[in-house]
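Chain identifiers are assigned alphabetically (A, B, ...) following the order of the sequence lines, protein sequences preceding nucleic acid strands; residue numbering begins at 1 within each chain. In this text, all values refer to a predicted model and were calculated from it rather than measured experimentally.
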2 protein chains.
Amino acid sequence: MTAVLVIEDDDRIRLALLLALEEEGYTAHGAATAEEGLRRQRENPADNVLVDLMLPGLDGFECIRQMRRDDDVPIVVVSARDDTHDIVAALEAGADDYLVKPVAIKELSARLRALRRRGRALVAPVPAQVFGDLEISPDAGEVRRAGQRVAVTRTEFRLLCELAEHAGRVLSRQQLLQRVWGYDTGDERLVDVHVGRLRQKIEADPANPRHLVTLRGLGYKLQR
Amino acid sequence: MTAVLVIEDDDRIRLALLLALEEEGYTAHGAATAEEGLRRQRENPADNVLVDLMLPGLDGFECIRQMRRDDDVPIVVVSARDDTHDIVAALEAGADDYLVKPVAIKELSARLRALRRRGRALVAPVPAQVFGDLEISPDAGEVRRAGQRVAVTRTEFRLLCELAEHAGRVLSRQQLLQRVWGYDTGDERLVDVHVGRLRQKIEADPANPRHLVTLRGLGYKLQR
DNA sequence: CAGTTTCATGACAGTTGTGTGACAAAACCC
DNA sequence: GGGTTTTGTCACACAACTGTCATGAAACTG
């Protein structure tokens with residue numbers, strides 16, 4: 001069952017969307033403010049999020065940015081404004097699609113389906129991975145070395161998870177920038193720096209890494 | 001550099017899109033028919049595909065379906081018709097987004113970026129190739145001889161992969177220069193040097209190579 | 001068998017790739 | 001709002017790699 005969270009302050013529109021979505025076979029929940037939406041999504045993550053741009057308090061753009069910080073859920077903007085500037089800004093903020101009200105429920109449903117189809121390839125359920133004395137639990141957000149909990153930052157964690165998900169496989173700096181940072185383009189040295197910092201934390205001897213190894217000219221990989 | 005393929009039969013619109021995309025920093029190519037588009041994408045895959053729905057011959061829907069059979073590239077429909085039924089059908093066929101003409105180039109660019117951010121799955125894993133006691137796994141960026149890991153440089157690795165990909169067939173120095181170095185012209189001796197270095201690493205007796213053999217006057221080949 | 005072409009290899013200098021510490025801006029947390 | 005953590009940029013140093021060249025060996029050719 002696919003769960004959708006609708007963040008929209010107008011009660012009538014929110015209820016109409018919720019009803020229509022349930023009609024289409026989704027489980028739908030609503031939130032009237034960005035803050036409530038963020039909290040709900042943190043506590044009980046939905047598979048898709050619909051968000052209005054005009055919200056009281058925290059606006060839609062900010063809501064998207066904050067949610068994107070630690071959630072990769074597909075976000076669709078549903079706004080009354082059909083304005084290129086808004087569309088671009090929303091997508092820049094991290095939204096995946098932008099629909100103009102009033103929305104045809106069939107179209108919305110088809111777009112949600114398209115987003116999930118594309119998203120699925122990425123999301124590989126990884127319960128917990130073990131690399132020798134290194135242990136990574138993506139769900140718990142924890143990294144352990146020799147049973148001891150290691151504090152890593154969010155970026156380091158995402159980088160590590162990305163490498164772990166494709167364990168044994170080389171990932172180029174470009175691929176990592178794309179998948180961890182979402183950059184299309186950017187300074188590849190950024191990856192080096194974060195790999196370096198990660199090594200300080202997870203390798204017994206950071207100068208001679210056993211797990212997070214460099215393949216000169218190719219990229220990095222995580223091995224057992 | 002991000003490459004975009006535009007499949008659109010109207011010359012004026014196609015050219016306008018191509019120009020606008022290049023202005024935005026993309027490399028853009030055009031195709032006037034679905035058939036030409038499919039061929040181009042097969043031979044020289046772009047990172048994004050834009051397709052019109054009204055095409056002579058094979059229509060856009062069919063074009064999308066066929067492309068989806070063996071390509072996961074993000075596909076965006078650019079159509080004159082703003083009709084829920086068309087939108088749903090296009091997304092069902094495998095498109096990832098649907099824009100109504102006339103499109104704002106900034107919006108198009110932002111949507112392409114959002115699609116790429118969502119990311120493509122890594123290409124399917126390539127199984128390791130085995131040549132007797134020699135083992136090459138492109139994914140892991142590793143070469144093994146008799147189970148033992150051998151350190152090879154990037155150029156050597158590419159050269160080896162290229163030879164492995166056409167195992168048993170002779171590749172001329174020109175072909176290797178072209179495929180490994182991307183040189184159209186250059187000193188063929190360069191290949192000799194790298195083949196020599198590679199032999200030192202992967203052959204039990206480098207003076208009498210068993211796998212990476214010379215075919216005098218023709219080139220080199222990799223055999224089992 | 002002498003001459004010619006083709007190939008292997010060692011040395012070397014210039015280039016490139018990577019690790020790292022310092023630093024400033026941004027985000028975060030009371 | 002002030003202090004702390006995290007993030008991204010930069011510059012430098014060092015190690016690894018690349019391409020060129022010279023030399024000699026090996027394989028063809030007539």
Note to self: Run the side chain to side chain contact (heavy atoms under 4.5 Å, CB included) test on A:Met54 and A:Asp59 for me, step by step, so that the C-alpha distance in whole Å, both residues' side-chain angles and the decisive distance to 0.1 Å come before the verdict.
What the structure shows: CA-CA 6 Å; A:Met54 307 260 273; A:Asp59 74 3; over 6 Å; no
Item checked: Side-chain heavy atoms of B:His194 within contact of B:Arg189, under 4.5 Å -> no
Note to self: Using the side-chain heavy atoms of B:Gln200, tell me which of these nucleotides is nearest: D:dT9, C:dT9, D:dT6.
What the structure shows: C:dT9
Item checked: Closest to side chain of A:Arg199, choosing from D:dA26, D:dC17, C:dG19 -> C:dG19
Margin query: Nearest to the B:Arg197 side chain among C:dG17, C:dC12, C:dT9, which nucleotide is it?
Written below: C:dC12
Item checked: Distance below 4.0 Å between B:Arg173 side-chain N/O and C:dC7 OP1 or OP2 -> yes
Next item on the list: Determine, for B:Arg42 against B:Asp70, whether the closest basic-nitrogen to carboxylate-oxygen distance falls under 4.0 angstrom.
Entry: no
Notebook entry, point to check: With a non-hydrogen cut-off below 4.0 angstrom, is B:Val193 in contact with a base, only sugar-phosphate, or nothing?
Noted result: base
Notebook entry, point to check: Heavy atoms under 4.0 Å, any strand shown: does B:Tyr220 hit a base, just sugar-phosphate, or nothing?
Noted result: sugar-phosphate
Checklist line | Non-hydrogen side-chain atoms of B:Leu215 and B:Lys221 separated by less than 4.5 Å | finding: yes
Checklist line | Separation of C:dT6 P from B:Leu218 CG (nearest whole Å) | finding: 11 Å
Checklist line | Of the listed nucleotides D:dT7, C:dA8, D:dC10, the one nearest the side chain of A:His194 | finding: D:dT7
Check: Just to confirm, is there a sub-4.0 Å distance from OP1 or OP2 of C:dG19 to any side-chain nitrogen or oxygen of A:Thr214?
Finding: yes
Check: 5'-most contact on DNA chain D: A:Asp187 or B:Thr153, nearest heavy atom basis?
Finding: A:Asp187
Margin query: Evaluate B:Leu5 against B:Arg40 for side chain to side chain contact (heavy atoms under 4.5 Å, CB included), listing each step before the verdict.
Written below: CA-CA 8 Å; B:Leu5 172 64; B:Arg40 285 201 80 127; 4.0 Å; yes
Next item on the list: Would you mind classifying the nucleic acid contact of A:Arg154 as base, sugar-phosphate or nothing, using non-hydrogen atoms under 4.0 angstrom?
Entry: sugar-phosphate
Next item on the list: Taking only the side-chain heavy atoms of A:Asp192 (C-beta and beyond), determine which of D:dT9, C:dT9, C:dT18 contains the nearest atom.
Entry: C:dT18
Next item on the list: Look at the side chain of A:Arg216 and decide which nucleotide, out of C:dG10, D:dA16, C:dC7, has an atom nearest to it.
Entry: D:dA16
Margin query: Is the phosphate of D:dG8 approached by A:Tyr183 (side-chain N or O, under 4.0 Å from OP1 or OP2)?
Written below: yes
Checklist line | OP1 or OP2 of D:dG8 under 4.0 Å from side-chain N/O of A:Trp181 | finding: yes
